[in-house]
Number of protein chains: 2
Amino acid sequence: MVEYDTPTLDAVFHALSDPTRRAMLHRLSTHERTVSELATPFNMSLAGASKHIKVLEAAGLVRRHVQGRTHICALQAVRLAEAQEWLRYYEQFWDERLDDLEDILRAEDRALADTAKHGPRKVPKSKPDTKE
Amino acid sequence: MVEYDTPTLDAVFHALSDPTRRAMLHRLSTHERTVSELATPFNMSLAGASKHIKVLEAAGLVRRHVQGRTHICALQAVRLAEAQEWLRYYEQFWDERLDDLEDILRAEDRALADTAKHGPRKVPKSKPDTKE
DNA sequence: TCTATATTAAACCTTATGGTTGAATATGAT
DNA sequence: ATCATATTCAACCATAAGGTTTAATATAGA
């Protein structure tokens with residue numbers, strides 16, 4: 001069984017919980033950027049943006065290499081892969097839902113086709129109880 | 001293009017950034033549980049656990065239905081799907097890395113096979129510059 | 001009705017977070 | 001040397017977060 005590195009996931013998910021930081025990651029996805037380049041689009045002091053970058057760095061989502069007086073930041077996606085792996089376990093549950101949704105839609109289509117000839121439709125399907 | 005609901009992602013990622021809450025979700029993945037059932041394994045007051053559940057609920061990750069005096073919580077995975085979708089954009093970047101890693105490993109294998117006959121190996125490959 | 005159970009609410013505490021401003025540091029250019 | 005540029009550091013502030021404890025609320029059962 002996969003053991004998830006909790007502190008890492010804590011840091012990654014926390015880093016992702018802020019829209020500024022998510023936007024920064026997105027901007028890094030096209031190419032590397034310096035701290036000031038990263039900071040520019042946000043209505044925020046440089047120092048503020050710098051802090052966000054450090055959060056990303058601490059979570060392992062950004063790597064930086066200093067070149068003279070400029071710090072160049074690059075996306076480091078591996079930790080995102082870990083987060084996704086954690087999420088992947090839950091795919092079965094939303095797939096389940098989507099399957100149900102598909103069933104419902106199909107049932108509605110059928111009902112709709114029928115409605116022309118007969119009365120209004122009923123609730124399509126009940127899901128089997130998830131029991132212990 | 002997909003527009004991501006920022007407040008939702010904020011809440012979901014924030015909810016996931018806490019190990020207690022992730023554990024709760026995991027425990028809900030087998031079957032529904034009452035608040036006290038959910039709280040039991042954690043070294044924490046009921047009120048504390050209750051707060052965590054509310055965070056999960058606010059993020060749309062847990063749904064509850066009240067039955068008499070007990071509140072029954074169930075996993076609601078759809079919001080996790082949204083989070084994963086956000087993450088999926090970045091797959092290309094870690095895949096890239098993994099591809100590189102595979103290239104490197106292959107090159108090392110080749111070099112290793114060669115080393116028996118010839119001299120020591122060289123650096124395998126340089127990656128094309130990611131430029132704007 | 002009285003009492004036990006399940007859960008939240010409210011008040012409180014400590015620490016983290018997101019932000020600011022004003023130095024400090026380090027490098028580049030003249 | 002001097003001045004400008006790139007970035008962080010430190011101190012500060014307001015609010016959020018994670019936790020506690022002690023009521024309060026609601027339902028179940030005797």
Side-chain angles (χ1 to χ4, degrees), chain A residues 6-28 31-75 132, chain B residues 6-28 31-76 79 83:
Chain A
T6 317
T8 300
L9 280 181
D10 290 4
V12 169
F13 281 130
H14 170 248
L16 296 182
S17 74
D18 184 278
T20 301
R21 289 193 290 261
R22 287 200 306 277
M24 282 178 165
L25 287 181
H26 191 257
R27 299 191 68 233
L28 285 177
H31 52 76
E32 308 185 331
R33 297 184 198 257
T34 69
V35 169
S36 3
E37 281 168 4
L38 263 183
T40 305
F42 305 105
N43 188 26
M44 184 184 301
S45 68
L46 232 187
S50 174
K51 278 191 181 180
H52 279 300
I53 295 171
K54 264 191 293 193
V55 171
L56 290 168
E57 216 180 350
L61 299 176
V62 158
R63 179 178 31 89
R64 104 168 58 192
H65 66 278
V66 179
Q67 197 164 79
R69 60 184 162 176
T70 73
H71 297 202
I72 298 169
C73 302
L75 177 66
E132 214 171 355
Chain B
T6 316
T8 299
L9 280 182
D10 290 5
V12 169
F13 282 130
H14 170 247
L16 296 183
S17 74
D18 183 278
T20 301
R21 289 193 291 260
R22 286 200 305 278
M24 282 177 164
L25 288 181
H26 191 257
R27 298 191 68 234
L28 285 177
H31 52 77
E32 308 185 332
R33 296 182 198 258
T34 69
V35 168
S36 4
E37 279 168 5
L38 262 183
T40 305
F42 305 105
N43 188 25
M44 185 183 302
S45 68
L46 232 188
S50 174
K51 277 190 181 181
H52 279 299
I53 295 171
K54 264 190 295 193
V55 171
L56 290 168
E57 216 181 350
L61 299 176
V62 158
R63 180 176 31 90
R64 104 167 59 192
H65 66 278
V66 179
Q67 198 163 78
R69 59 183 163 177
T70 73
H71 297 203
I72 297 169
C73 303
L75 177 65
Q76 191 162 44
R79 294 292 167 79

*For the side chain of Arg79(B) and the backbone of Val12(B), is there at least one donor-acceptor N/O pair under 3.5 Å apart?*
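Checking the backbone N and O of Val12(B) against the side chain of Arg79(B), no donor-acceptor pair under 3.5 Å is found.
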Within the sub-3.5 Å range, which N or O atoms of nucleotides 1-3 of chain C have a protein N or O partner, and how far apart are they?
none

Protein-nucleotide distance ([X], atom [atom1]; [N], atom [atom2]), rounded to Å:
| X | N | atom1 | atom2 | value |
| --- | --- | --- | --- | --- |
| Ile72(A) | dT27(C) | CD1 | P | 14 Å |
| Gln67(A) | dT5(D) | CD | C1' | 15 Å |
| Asp10(A) | dA16(C) | CG | P | 13 Å |

If you look only at distance, which donor and acceptor atoms sit under 3.5 Å apart when one is on a side chain in residues 38-45 of chain A and the other is two or more places apart or in another chain?
unit_1	atom_1	unit_2	atom_2	d
Thr40(A)	OG1	Ser36(A)	O	2.7
Ser45(A)	OG	Gly48(A)	N	3.0

*How about Leu28(A) and Leu61(A): do any of their side-chain heavy atoms sit closer than 4.5 Å?*
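They are not in side-chain contact.
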*So, do Val55(B) and His14(B) sit near enough that their side-chain heavy atoms are less than 4.5 Å apart?*
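With C-beta onward as the side chain, the pair touches.
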*Where along nucleotides 10-26 of chain D does protein come under 4.0 Å, by heavy atom, of base (B) or sugar-phosphate alone (S), with - for untouched nucleotides?*
-------SSBBB-----
*Enter the distance from Leu25(A):CG to Thr20(A):OG1 here, rounded to the nearest 0.5 Å.*
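These two atoms lie 11.0 Å from each other.
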*asked:* Considering only residues two or more places apart or on different chains, which pairs with a residue in residues 37-54 of chain A satisfy salt bridge (Lys or Arg N to Asp or Glu O under 4.0 Å)?
replied: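 Counting only pairs at least two positions apart or across chains, no salt bridge (Lys or Arg N to Asp or Glu O under 4.0 Å) contact touches residues 37-54 of chain A.
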_Sequence neighbours excluded, every pair satisfying salt bridge (Lys or Arg N to Asp or Glu O under 4.0 Å) that has a member inside residues 7-25 of chain A_ =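 Only Asp10(A)-Arg22(B), Arg22(A)-Asp10(B) qualify under salt bridge (Lys or Arg N to Asp or Glu O under 4.0 Å).
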*Contacts of type side-chain hydrogen bond (donor to acceptor under 3.5 Å, both in side chains), residue His71(A), not counting sequence neighbours*: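 Testing His71(A) for side-chain hydrogen bond (donor to acceptor under 3.5 Å, both in side chains), a comparison that skips the adjacent residues, returns Arg64(A).
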